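Lettering of chains follows the sequences in order, A, B, ..., and the numbering in each one begins at 1. Because the structure is predicted, anything quoted here is derived from the model rather than measured.
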Amino acid sequence: MSLFIHNTLSRTKEVFAPLDTDHVRMYVCGPTVYDYAHIGNARPVVVFDVLSRLLRRLYPKLTYVRNITDVDDKINEASRLSGENIRSITERTAKAFHDDMLALGALPPDVEPRATDHIDQMIIMIETLIADGNAYEADGHVLFSVPSMAQYGQLARHSRDELIAGARVDVAPYKKDPCDFVLWKPSDADLPGWDSPWGRGRPGWHIECSAMAKVYLGETFDIHGGGQDLIFPHHENEMAQSRCANHSDIMAKYWMHNGYLMSEGEKMSKSLGNFYTVHDLLDEFPGQAIRLALLQTHYRQPQDFTKNSISEARRTLDKWYRIIGDGQNSHEDIPSGIIDALCDDLNTPKAIAELHKLAAQGQGGALKAGASIMGLMFQSAEDWAAWQPAASGALDAGVIDGLIVERTEARQNRDFDRSDEIRDELNAQGIVLEDGPDGTTWKYA
RNA sequence: GGCGCGGUGGCGGAGUGGCUACGCAGCGGCCUGCAAAGCCGUGGACACCGGUUCGAAUCCGGUCCGCGCCUCCA
């Protein structure tokens, strides 16, 4: 079974043929660390986590690189507003990002380089671009010369003329061409800066990824991924820099982009305050339920993300965990239907439908195996059942168990008024009782 | 304005030129003190208008609606 993936370069599904079948290499743009990751940031992390699991199964070796952007004007602004120093912001936010993504079941990438550790490589790359006539210094800035690259616009399918026609902002006076973009810019004394041949300054947004991809994956590699919003300008510019600096026809062979997320039917926006941070959602829902909710839509489709969809995913997982029960890690093969679905451009909704079929047939082992390649069902049924919302905890388990005993006695005496009263009381506190053949169990609603 | 993406049953969400997934919810039944869970059964869709075709929700054109991007810059 071949893996097919949608390549943004061609806008079609293509057979995946790695440059080196012994070693697949993938780069995904990671977070700029100045604030908690919202659910829109989590989508590419989860999507490419599934892809990485699939690639590791299909090929002997994968190197998965996802950067951390820790130099950026948004970070500088956050520091200016809060007074917290930049290093503290980036360390704290990166840590929160790691915790949140782990809770979503995303494995760490093989390499997680930080921009500030690779300033030297960026400077070297910029020097090469200047030497070759692909970049120039002007007014303390270094700019990439877009007209120097004939194929600029290939990824986003924007011609240079179209870009100029559509421009909504004034062009900086030091630019030779309106489309030229910044590789290096000067920093004044209170901004982060590094010494360079062009004075003390800091890198532009795109050059870090070009430099780090080259260090860890080489001049060309297989897959470059990220959110759709990165196609232009970020990936277009990255590709232009890398190809010119490396004198190469390609940067990545396949470019993959996940679609946008809406929130409760509206586009996410800070002014509306309608975006969910992963951090907050994890107080309310188990991470796996959030992950399943994200995977319920194909990664290239737009998705309207709702709390209701997480609740639904959670009930689905409840059911699946019941089917698996205590059945330990049966080392069953991953069912072929699951692999086939994922090999068709990561069709996770179809793979999930396969899981439902396995569940309906009561095939717990196959269900668990199939879920595992999507990073689901990684907990024991016991741990899953033990999850509780952050706001809970008014009642301790001993009190609940005591009430269950009292209720069981009431039921044996056919005192159903008292029995229902106890259940209603617990229900009001978010505790759900379920009478089964082996007695009464409880869980958080 | 330019470029691009999408509109599938009450909701979520795949897919295919003809055999019309899947989940949730609904409805009927079994089970249950009652719930829950489970089990069995069941109705319901392809934005609109044309065209191509023996046949289109699936291909083509148009319309409407939703969404994104248009560069370090506010």
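Two residues, A:L433 and A:K357, neighbour RNA chain B, and the one matched to the more 5' nucleotide by heavy-atom proximity is A:K357. Across the interface with RNA chain B, nearest-nucleotide mapping of A:R315 and A:K175 shows A:R315 to be the residue nearer the 5′ end.
Across all strands shown, A:R322 has heavy atoms under 4.0 Å from sugar-phosphate atoms exclusively, and none from any base. Across all strands shown, A:D420 has heavy atoms under 4.0 Å from base atoms, whether or not it also approaches the sugar-phosphate. Among the heavy atoms of the strands, none lies under 4.0 Å from A:T306. Residue A:Q301 is in sugar-phosphate contact alone, with no base atom involved, counting any heavy-atom pair closer than 4.0 Å across all strands shown. Residue A:R418 is out of contact with every strand shown, counting any heavy-atom pair closer than 4.0 Å. Heavy atoms of A:Y260 sit under 4.0 angstrom from primed sugar atoms or phosphate atoms, though from no base atom. Residue-level contact check: A:N237 touches the bases, meaning some heavy atom is under 4.0 Å from a base atom. Among the atoms of the strands shown, base atoms are found under 4.0 Å from some heavy atom of A:H158.
Closest to the A:K319 side chain, of the nucleotides B:G13, B:C34, B:G38, is B:G38. For A:Y152, the listed nucleotide lying nearest its side chain is B:U71; candidates were B:U71, B:C22, B:C67. You'll find that the side chain of A:R411 is closest to B:C34, out of B:C24, B:C34, B:A14. Looking at the side chain of A:R423, the nearest of the listed nucleotides B:A14, B:G33, B:C34 is B:C34. Closest approach to the A:Q303 side chain among B:U71, B:C22, B:G13 is made by B:G13 (side chain taken as heavy atoms from C-beta onward).
Comparing B:G12 with B:G29, their C1' atoms sit 27 Å apart, to the nearest whole Å. Going from the P atom of B:A36 to that of B:G10 covers 25 Å, rounded to whole Å. When the P atom is used for both B:C11 and B:U52, the distance is 34 Å, rounded to whole Å. The C1' atoms of B:A57 and B:A45 are separated by 9 Å, rounded to the nearest whole Å. Rounded to a whole angstrom, the distance from the C1' atom of B:C70 to that of B:G15 is 34 Å. The separation of B:U8 from B:C22, taken at their C1' atoms, amounts to 14 Å, rounded to a whole angstrom. Comparing the same atom, P, in B:A56 and in B:C46 gives a spacing of 14 Å after rounding to whole Å. Rounded to the nearest Å, the gap between the P atom of B:G28 and that of B:A47 is 31 Å.
Screening A:L346, A:T348, A:N347 against A:K350 for a side chain to side chain contact (heavy atoms under 4.5 Å, CB included) leaves a single residue, A:N347.
Look at CD on A:E264: it is 20 Å from P on B:G66, rounded to the nearest Å. Across the protein-nucleic acid pair, A:K74 atom NZ and B:U71 atom C1' stand 13 Å apart, rounded to whole Å. The NE2 atom of A:H235 sits 15 Å away from the C1' atom of B:G68 (whole-angstrom rounding). Counting to the nearest Å, the C1' atom of B:C72 and the CG atom of A:L191 are 12 Å from each other. Rounded to whole Å, the distance from CG on A:D340 to C1' on B:G15 is 15 Å. In this structure, A:L355 atom CG and B:A14 atom P are separated by 15 Å, rounded to whole Å. To the nearest angstrom, P of B:C70 lies 13 Å from NE2 of A:H234. The NZ-P distance, from A:K13 to B:U16, rounds to 6 Å in whole Å.
One cannot find a donor-acceptor pair under 3.5 Å joining the base of B:C69 and the side-chain atoms of A:H257.
Judged by distance alone, the side chains of A:N76 and A:Y34 never bring a donor and an acceptor atom under 3.5 Å apart. In this model, a donor atom of one side chain and an acceptor atom of the other lie less than 3.5 Å apart for A:D280 and A:T277. A:S88 and A:E84 share a donor-acceptor pair across their side chains, judged by distance under 3.5 Å alone. Between the side chains of A:Q154 and A:R243, a donor-acceptor pair is found at a separation under 3.5 Å. Between the side chains of A:D70 and A:T116, at least one donor N or O lies within less than 3.5 Å of an accepting N or O. No donor-acceptor contact under 3.5 angstrom links the side chains of A:Q228 and A:N258, judged on distance only. There is no side-chain donor-acceptor pair under 3.5 Å between A:S242 and A:E238. Donor-acceptor pairing under 3.5 Å is recorded for the side chains of A:E208 and A:T69.
Checking the phosphate oxygens (OP1, OP2) of B:C73, a side-chain nitrogen or oxygen of A:Y174 falls inside 4.0 Å. Contact between the side-chain N/O atoms of A:N347 and the OP1/OP2 oxygens of B:G15 is found at a separation under 4.0 Å.
Taking a cutoff of 4.0 Å between a charged side-chain nitrogen and a carboxylate oxygen, A:R114 and A:D117 do not qualify as a salt bridge.
Figure legend: cation-pi geometry between A:K176 and A:Y136, with NZ or CZ positioned under 6.0 Å from the six-membered ring centre and within 45° of its axis.
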Strand RNA chain B in bracket notation, Watson-Crick/G-U under 3.5 Å with | for pairs to another chain: (((((((..(((.....[...))).(((((.......)))))....(((((..]....))))))))))))....

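Residues from residues 290-299 of chain A lying near RNA chain B, meaning a heavy-atom separation below 4.0 Å, are A:Q296, A:T297, A:H298 in numerical order.
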Steps toward ring pair (Phe, Tyr, Trp, His ring centres under 6.0 Å) verdict (A:H206, A:H235): CA-CA 8 Å; A:H206 319 295; A:H235 285 167; 9.3 Å; no

